[in-house]
Amino acid sequence: MPNIYPYNYWILYAAIAVLVITLIVSLVKIAGMAKEMIAFITPRTEMLQRKATLTQIKLDAMAEKKAEDAKKNKVLKMVMPILLAIYSIYRKDDEASGPSGYVKAAKTYFNDRSEEQKFIKKIRAAIR
């Protein structure tokens with residue numbers, strides 16, 4: 001093996017210099033690739049964020065519509081038995097015909113109902 005003693009440090013310094021230069025070039029290339037990746041990913045993430053926002057708005061609108069429909073259904077559930085009672089009174093009355101027949105049936109229903117409520121009040125008063 002040849003004796004390279006006087007040149008040992010020069011070889012070490014050259015190897016360190018090559019290593020530092022290689023690291024710097026690698027970091028510059030990695031930084032450039034990172035910028036390209038960010039430029040590539042950013043529009044897609046923005047699009048996903050917009051879609052998520054639109055989806056959230058649609059879900060909120062659907063929830064509002066569902067609440068509104070529930071409110072309408074509640075009113076309909078309260079009114080439906082009354083309308084069915086008026087219709088059954090209309091069907092039983094042979095003389096009823098047309099809109100005036102429905103008005104007459106409604107008056108009959110509400111009169112009967114008020115009489116029923118008076119009767120219930122009398123029973124409650126008697127029980128107390």
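Residue Thr53 holds its OG1 atom at 10.5 Å from CG of Leu48, rounded to the nearest 0.5 Å. Note that CE of Met62 is 14.0 Å distant from CD1 of Ile57, once rounded to the nearest 0.5 Å. With rounding to the nearest 0.5 angstrom, the CD atom of Gln49 is 9.5 Å from the OG1 atom of Thr42. Interatomic distance, CZ of Phe110 versus CD of Gln117, reported as 10.0 Å (0.5 Å rounding).
In this structure Glu68 satisfies the salt bridge (charged side-chain N to carboxylate O under 4.0 Å, His left out) test together with Lys72, sequence neighbours excluded. By the side chain to side chain donor-acceptor pair (under 3.5 Å) test, Asn8 pairs with no residue at all, sequence neighbours left out. Take Glu36 and apply the side chain to side chain donor-acceptor pair (under 3.5 Å) test, not counting sequence neighbours, and it matches no residue.
For residues 42-60, there are no salt bridge (charged side-chain N to carboxylate O under 4.0 Å, His left out) pairs, not counting sequence neighbours. Among pairs with a residue in residues 99-115, those fulfilling side-chain hydrogen bond (donor to acceptor under 3.5 Å, both in side chains) read Asp93-Lys104, at least two apart in sequence or across chains.
One hydrophobic cluster, built from ILVMFWY side chains closer than 4.5 Å, cannot hold both Ile82 and Leu76; they sit in different ones.
Contact between Ala105 and Ile86 at its shortest, heavy atoms only, is CB-O, 3.6 Å.
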Per-pair distances, 0.1 Å, donor-acceptor, side chain in residues 16-32, under 3.5 Å, sequence neighbours excluded:
unit_1: Thr22; atom_1: OG1; unit_2: Val18; atom_2: O; d: 2.6
unit_1: Ser26; atom_1: OG; unit_2: Thr22; atom_2: O; d: 2.8

